[in-house]
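Right, one structure below, let's go through it.
Each residue takes its place number in the sequence, starting with 1.
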Amino acid sequence: MKKTILSIIICALLAFTSVIGIACGQKPCAHVFDQGEVVRQATCVKEGENQHKCIYCGAIWAESIAKVEHEYGDALKFDNNSHWKECVNCGEKSEITTHDFSTDMLYDDFNHYLMCECGAVNDQTEHAFVGDNCSCGYKKATTGLEFTLMQGALGYEVTGLGSYLGQEIIIPYSHNGKPVVSIGEYAFLDKDGIASVRIPRSITSIERGAFKDCSNLNSVVFDKYGQLKTLGSEAFSDCVSLQSITLPKSIQTTGFSAFFNCSKLERVDFDGESVLTIIGHEMFASCEALSSFEVPKYVRVIEEGAFFGCEALKTIVFKGKTSLKTISDNAFRECTSLEQIEIVESVTWIGAKAFYNCGKLQSIQYNAIECMNLSFDTLTFAGVGTDLLDGTKILVGVKVKRIPAYIFSCLDGYITPNVSEIEFLEKGVCEEIGVRAFSSLSNLTKIDFASDNTITAIGDYAFSGLRSLETLVLADGIKTLGTGAFENCDDLCSLTIPNSLTTIGAYAFSDCDLLQTLNVSDESQLSSIGSYAFFKCIALTNITIPQQVKIIETCAFLDCDGLVSVTFKNTNGWVVTGNIKINESQLSSGQIACQTLKDNVYNDWTRI
């Protein structure tokens, strides 16, 4: 007995020793390590380290973490010969480039010189004046202006005309030995005598209303390589004589109505690749002469009413790979000359009446990959194309994943979009058309689904009220038609059901008064026909119920007064409400089946 117990103990010890050996003994690969703890973060100079511990024996395994990429700042560093971008973490230099000094002479209040884009200067020479002018183009700054030393005493702000009475304002680079960095709130408000202003490179902000209501101001010139960061609200609003302006690329933020009602402003440019991220609220609203605008590539938001009432605006161009996310309410409302617009890939939100009453809009290139759903009263494109005989064409781009709800729809009582055609481009990836996405486009005559269609679901009322649509070939691949998907398509005469379609929702084709032909193949996968699906399709004379159909809901073919023949591809196993069996003989011919269907039209049909 004792020997037996001893033997058991020895065996257990051997087994335990064996387990330990397997877990953390002779074979390093047999350790069972935890997820580890990062004891040194990786940088762009040195690898990091993640230490793992064996859960059995405590052995340590040091895992290397790869170096991270350098993080280069936007500002260029320079010396006498070259400039570069520098890693903010380790100082590593990148894009080292020899200076390329401008051919245009630049200047300040004291000297003129050549400048590289990085800020390095060359051939700096003191001004030599003949009268008020130097040969470099510099003109002596206006004297008599009012200045206020700003908080912190780092620079001065121009606050008014002071004793100056002239028409031309040349704001100095410096005052009392300190830079002039700002043009103050309402500094030149309602000064009709000002005809031109030159703004030096030292100015970083133009505050609210600085030049508001300067009705005779026709020229605003910013120095090259300007450092303006902030353009305040109403800064140049109601400057009704201003015809063009070139803004510094350095502007980062703008307030509301910066150029509101500059009614003669025809052209707005930037002096390079602008870093502007937001086009402010009503920034160019009522600029009636503005004919084109190039949206800088870093703009993320076009705020409410930014171009409202720009009646001459024909072209909106997006610069490079744009960052635009949001087109806000009324952004391009009443741009009655706008001919085409691209909703770029990056857009995720389009606001209410964003393109309201753009009557000459010939084409909408819709490329937004995943735009958020809109609400029923958004009216984003209400009134587009109404000044065109041929209407507006909508092109859906290849990267679009879904068409958001209500995007092109309209409510009764508003100006219906005059859209004549919708085309889904080949090789697209769109999978879903949202609720009422294209509803009430009463002049739409053609929907061109791509031959390699990827759409699987058409949402509720997505194409309802297309009163001019005559022919519809639903693309193969579509599986579901939502409630009322094509209801009230009054001129629809012919419909081809794709083999892939499994579900026709309630009211999907109700009140399609002229629908005569319903084409269904023997390979159809249709399994369910919803209630009132073909309600009041009074021109429909014969239909085929495909082999796979198992459900026909109540009133699916109610008031189909012209229906004379119904062919059931599968006549076996049908029951109606109350578990009443339909005999095969009741479906034996087109006429008999038609009468049976009409007699039981208020019942749900199920094939079991």
Side-chain angles (χ1 to χ4, degrees), residues 405 432-439 447 455-466 469 472-490 492 494-521 524-540 542-563 566-570 573-580 582 587 593-594 596-608:
E432 179 187 357
I433 298 174
V435 174
R436 293 193 182 275
F438 299 100
S439 69
I447 303 172
I455 297 169
T456 59
I458 295 178
D460 295 348
Y461 306 101
F463 294 95
S464 64
L466 308 189
L469 184 67
L472 177 63
V473 179
L474 291 171
D476 198 39
I478 295 173
K479 294 181 178 180
T480 304
L481 296 182
T483 299
F486 290 91
E487 74 169 359
N488 291 316
C489 292
D490 296 346
L492 184 62
S494 174
L495 170 65
T496 299
I497 300 293
N499 293 340
S500 59
L501 189 67
T502 60
T503 303
I504 297 176
Y507 295 93
F509 295 96
S510 70
D511 289 288
C512 292
D513 301 340
L514 300 182
L515 182 60
Q516 295 178 332
T517 306
L518 187 60
N519 300 309
V520 184
S521 83
S524 173
Q525 299 300 306
L526 186 64
S527 63
S528 176
I529 301 173
S531 59
Y532 297 91
F534 293 91
F535 176 57
K536 286 189 176 179
C537 291
I538 56 177
L540 197 61
N542 60 81
I543 58 173
T544 297
I545 307 298
Q547 176 82 17
Q548 302 298 326
V549 172
K550 292 184 177 180
I551 297 172
I552 303 173
E553 293 185 352
T554 181
C555 302
F557 296 94
L558 179 65
D559 290 345
C560 292
D561 296 342
L563 193 62
V566 177
T567 300
F568 279 81
K569 287 294 183 178
N570 193 332
W574 286 103
V575 296
V576 296
T577 304
N579 205 28
I580 300 172
I582 300 293
L587 305 175
C594 180
T596 302
L597 184 63
K598 288 183 177 181
D599 291 343
N600 294 276
V601 73
Y602 292 102
N603 294 321
D604 288 320
W605 288 54
T606 306
R607 186 166 59 82
I608 55 177

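At least one side-chain heavy atom of L518 sits under 4.5 Å from a side-chain heavy atom of L540. Inter-residue side-chain proximity for I458 and I478 is flagged as met; some heavy-atom pair is nearer than 4.5 Å. Residues F534 and L515 have side chains in contact (heavy-atom distance under 4.5 Å, counting atoms from C-beta outward). The shortest side-chain heavy-atom distance between N570 and I545 does not fall under the 4.5 Å cut-off. You'll find the side chain of I543 reaches within 4.5 Å of the side chain of L563, heavy atoms only. Using a 4.5 Å heavy-atom cutoff, the side chains of I433 and I455 are in contact. Using a 4.5 Å cut-off on side-chain heavy atoms (C-beta onward), V549 and S527 make no contact.
Of the inter-residue distances, the one linking T502 atom OG1 with Q525 atom CD reads 9.0 Å to the nearest 0.5 angstrom. Between atom CD1 of residue I504 and atom CG of residue L495 there is a gap of 7.5 Å, rounded to the nearest 0.5 Å. Taken from CG in L472 to OG in S494, the straight-line distance is 8.5 Å, to the nearest 0.5 Å. In this structure, CD on E487 lies 5.5 Å from OG on S464, to the nearest 0.5 angstrom. Atom CZ of F486 is separated from atom CG of D511 by 15.5 Å, given to the nearest 0.5 angstrom. Expressed to the nearest 0.5 Å, how far CD1 of I529 lies from CZ of F509 amounts to 10.5 Å.
T544 and P546 make their closest contact through O-CD, 3.3 Å (heavy atoms, listed as atom of the first residue, atom of the second, distance). Between L492 and C512 the shortest heavy-atom distance is CD2-SG, 4.4 Å. Residue A593 comes nearest to V566 through the heavy atom pair CB-O, 3.2 Å, listed as atom of the first residue, atom of the second, then distance. Nearest heavy atom pair, residue A508 against residue G482, reads CB-O, 4.2 Å.
In this view, S500 and D476, P498 satisfy the side-chain contact (heavy atoms from CB on, under 4.5 Å) rule, not counting sequence neighbours. With sequence neighbours left out, the side-chain contact (heavy atoms from CB on, under 4.5 Å) criterion links A539 to Q516. Shown here are the side chain to side chain donor-acceptor pair (under 3.5 Å) partners of N499, two or more places apart in sequence or in another chain: S521. With sequence neighbours left out, the salt bridge (Lys or Arg N to Asp or Glu O under 4.0 Å) criterion links K479 to no other residue. For the side-chain contact (heavy atoms from CB on, under 4.5 Å) test, residues two or more places apart in sequence or in another chain that qualify with V576 are I580, I582, N600, N603, W605. Residues passing the salt bridge (Lys or Arg N to Asp or Glu O under 4.0 Å) test with D490 are R467, sequence neighbours excluded. Legend: residues meeting side chain to side chain donor-acceptor pair (under 3.5 Å) with K569, ordered by chain and number and at least two apart, are D522. Every residue meeting the side-chain contact (heavy atoms from CB on, under 4.5 Å) condition with N579, not counting sequence neighbours, appears here in chain and number order: V575. The salt bridge (Lys or Arg N to Asp or Glu O under 4.0 Å) check on E432 picks up R402, with sequence neighbours excluded. Residues satisfying the side chain to side chain donor-acceptor pair (under 3.5 Å) criterion with T496, sequence neighbours excluded, are N519. Checked against side chain to side chain donor-acceptor pair (under 3.5 Å), D599 has the following partners two or more places apart in sequence or in another chain: Q595.
Remark: the backbone N or O of D604 is paired with a side-chain donor or acceptor of T577 at under 3.5 angstrom. Put simply, the side chain of R436 never gets that close to the backbone of A405: no donor and acceptor are under 3.5 Å apart.
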List the steps and the verdict of side chain to side chain contact (heavy atoms under 4.5 Å, CB included) for L501 and L481. CA-CA 8 Å; L501 189 67; L481 296 182; 3.8 Å; yes
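Note: F568 and W574 have perpendicular aromatic rings, judged against thresholds of 30 and 60 degrees for the angle between ring planes.
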Review item, side-chain donor-acceptor pairs of residues 551-561, under 3.5 Å, at least two apart:
| from | atom 1 | to | atom 2 | distance (Å) |
| --- | --- | --- | --- | --- |
| E553 | OE1 | S531 | N | 3.0 |
| T554 | OG1 | Y602 | O | 2.9 |

